[in-house]
Asker: 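This is the structure I want to talk about, given as structure tokens.
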Amino acid sequence: MGKSVCVIAEFRGGDLRRVSYEVASEGKRIADALGSDLCAVALGSGIAEKAAELGRYGVKKVYIVDDPALENYLAESYVPIIADIIRQCDPAAVLLSASVDGKDLAARLSARLDVGLVQDCTEILVEDGKIRVKKPIFAGKCFAWNEWIEGAMPLISCRPNVMQCLTLSEDQRAEVERVDIPVPETRSRFKSMDLDTSGRVGLSGAEIIVSGGRGMKEAQNFAMLEDLAKLLGAAVGASRAAVDAGWRPHADQVGQTGKVVNPNVYIAVGISGAIQHLAGMGTSKYIVAINKDPDAPIFSKADYGITEDLFKFVPAFTEEVRKLKSTCS
Ligand SMILES: Cc1cc2nc3c(=O)[nH]c(=O)nc-3n(C[C@H](O)[C@H](O)[C@H](O)COP(=O)(O)OP(=O)(O)OC[C@H]3O[C@@H](n4cnc5c(N)ncnc54)[C@H](O)[C@@H]3O)c2cc1C
């Protein structure tokens, strides 16, 4: 059996993040194709039990460093420890999530280990024992395929919500090995994380997103989208035009200079479909566009297009969803 494939797991609040399951599932697929095992690295505080859950996704062994000082991601402490473990494991490839922390970690690991990194990949292939990865470039207008020269170790960050989670067995546990690496002294400290406590569904991990653009006309009209989103268990997003107009906060902006999202369903309401917007949502599984202009570019990307005045369509659609939900419950 060849060298292992290694995935780096992410914890938040003592729990494994969903992105870790996605990356582990993808790691397992690659390990199988290379005829190797899958191992993982996890850092955090009180994480041993949870780390073993990675076994469900095919991870055989998890190397953990469990220390209260590692409760939250801090580049200064995480990077040297993870780099040390990777050097010791000498894996065939390393995968992690292209989350905010994951991208930061990946770039630093690449420099420290002197290995080639491809960030934000949406597809990974193994052909004749070689790994090739696909990533969107030029704001998602085209894709680049990358591969590594002979003997180089691929370091790959995977775009969240793209790779499929494949549970092998609910009660399969990974072997957990505690690695004795001291947490380095750091000059920076983690102070706090301001999480959205409004109870709204967050954009980044949302399964469904209802997004509004300039066609919404004014801030108050977003209440219509909030209504629909609530019924669908969706998050509300916005185009830059809506954000620049002050109708929505920048945190809601989807696109090149906003968030990159990958929901199952993206409903674009009164959004024309500019390339910079598509860069943030073009890889959504299903795109629904509601626009009164039949020539709006969004329709060329949409799986379902509704050419209609949004002020007529959205309230009627919301009502139908409400009725459907009440008959189903
Ligand atoms: C460097 C750079 C970065 C950028 N980054 C981003 C980014 O991150 N995200 C982003 O979104 N944009 C970004 N943009 C801006 C982008 O180019 C577009 O200007 C913006 O996406 C347009 O937003 P919109 O589709 O809401 O508005 P518009 O293009 O004005 O489209 C409004 C749409 O609403 C429709 N409409 C109007 N009234 C109704 C109605 N009653 N019923 C139904 N439909 C209606 C119209 O037909 C039209 O298609 C960026 C631009 C640059 C230069």
Side-chain angles (χ1 to χ4, degrees), residues 1-74 77-99 101-102 105-106 108-109 112-113 115 121 124 126 129 131 153-158 160 163-184:
M1 185 167 285
K3 293 176 178 182
S4 301
V5 169
C6 179
V7 294
I8 300 171
E10 240 182 77
F11 278 88
R12 180 165 298 161
D15 282 322
L16 274 164
R17 297 194 66 199
R18 184 192 146 87
V19 287
S20 300
Y21 301 140
E22 293 170 11
V23 169
S25 303
E26 192 60 15
K28 173 67 176 152
R29 215 180 45 73
I30 293 161
D32 285 349
L34 292 173
S36 55
D37 277 339
L38 181 64
C39 67
V41 178
L43 268 54
S45 175
I47 56 167
E49 263 303 298
K50 289 278 176 188
E53 287 178 10
L54 286 165
R56 292 180 190 167
Y57 303 89
V59 173
K60 275 215 155 158
K61 192 178 210 176
V62 193
Y63 299 96
I64 66 164
V65 181
D66 200 334
D67 190 300
L70 296 172
E71 186 167 357
N72 294 290
Y73 174 74
L74 193 64
S77 50
Y78 269 57
V79 175
I81 297 176
I82 295 176
D84 243 22
I85 298 175
I86 291 174
R87 274 196 210 98
Q88 287 170 33
C89 300
D90 186 24
V94 175
L95 272 71
L96 70 169
S97 164
S99 60
D101 290 347
L105 174 65
R108 292 166 190 269
L109 281 178
R112 189 170 276 249
L113 295 168
V115 295
C121 296
I124 308 177
V126 179
I131 292 176
M153 188 200 74
L155 176 59
I156 304 162
S157 75
C158 306
M163 311 299 180
Q164 246 192 315
C165 276
L166 299 172
T167 313
L168 292 186
S169 149
E170 277 297 329
D171 36 41
Q172 186 78 32
R173 320 267 307 156
E175 181 195 339
V176 175
E177 182 176 321
R178 289 176 188 270
V179 184
D180 192 15
I181 298 179
V183 179

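Side-chain atoms are counted along with the backbone in the values below, which use heavy atoms only and exclude waters and symmetry mates. FYI, the numbering just counts along the sequence from 1.
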Asker: With side chain to side chain contact (heavy atoms under 4.5 Å, CB included) as the test, pick out the partner of L43 among I64, L70, V179.
Answerer: L70

Asker: Would you say S99 and E10 make side-chain contact, with heavy atoms under 4.5 Å?
Answerer: yes

Asker: How about L166 and K28: do any of their side-chain heavy atoms sit closer than 4.5 Å?
Answerer: no

Asker: State, to 0.1 Å, how close P160 and A98 come at their nearest heavy-atom pair, and which atoms those are.
Answerer: CD-O, 3.7 Å

Asker: Given E49 and R173, is the side-chain contact (heavy atoms from CB on, under 4.5 Å) satisfied, shown in steps?
Answerer: CA-CA 9 Å; E49 263 303 298; R173 320 267 307 156; 3.1 Å; yes

Asker: Rounded to the nearest 0.5 Å, what separates atom CD1 in I82 from atom CD1 in I8?
Answerer: 5.0 Å

Asker: Short question: side chain of S97, backbone of S20 - any donor-acceptor pair under 3.5 Å?
Answerer: no

Asker: Without swapping roles, check the side chain of R29 against the backbone of I124 for a donor-acceptor pair under 3.5 Å.
Answerer: yes

Asker: Before you tell me yes or no, could you show the steps for E170 and R56 under side-chain contact (heavy atoms from CB on, under 4.5 Å), namely the whole-Å CA-CA distance, both residues' side-chain angles and the distance that decides it to 0.1 Å?
Answerer: CA-CA 5 Å; E170 277 297 329; R56 292 180 190 167; 3.6 Å; yes

Asker: Which atoms form the tightest heavy-atom contact between A83 and L113, and what is the distance?
Answerer: O-CD2, 3.7 Å

Asker: With a 4.5 Å limit on heavy-atom distance, are the side chains of I156 and I131 in contact?
Answerer: yes

Asker: When you measure from the side chain of R108 to the backbone N and O of P80, does any donor-acceptor pair fall under 3.5 Å?
Answerer: no

Asker: Do D84 and R87 have side-chain heavy atoms sitting under 4.5 Å apart?
Answerer: yes

Asker: Can you tell me how far apart OG (S25) and CD1 (I30) are? Round to the nearest 0.5 Å.
Answerer: 11.0 Å

Asker: Below 4.5 Å, heavy atoms only, C-beta onward: do P184 and I81 meet side chain to side chain?
Answerer: yes

Asker: So which heavy atom on S36 is nearest to which on K3, and how close?
Answerer: CB-O, 2.9 Å

Asker: Where does the angle between the aromatic ring planes of Y57 and Y21 fall among parallel (under 30°), tilted (30 to 60°) and perpendicular (over 60°)?
Answerer: parallel

Asker: For a side chain to side chain contact (heavy atoms under 4.5 Å, CB included) with L54, tell me which candidate from L16, L38, V23 qualifies.
Answerer: L16

Asker: Do V65 and V41 touch side chain to side chain, with heavy atoms closer than 4.5 Å?
Answerer: no

Asker: Do you know which two heavy atoms are closest between I47 and D66, and how far apart they sit?
Answerer: N-OD2, 3.1 Å

Asker: For a quick test of reading the model, state the closest non-hydrogen atom pair linking N72 to Y78 and the distance between them.
Answerer: O-CE1, 3.4 Å

Asker: Taking all non-hydrogen atoms of both residues into account, name the closest pair between V176 and A48 and its distance.
Answerer: CG2-O, 3.8 Å

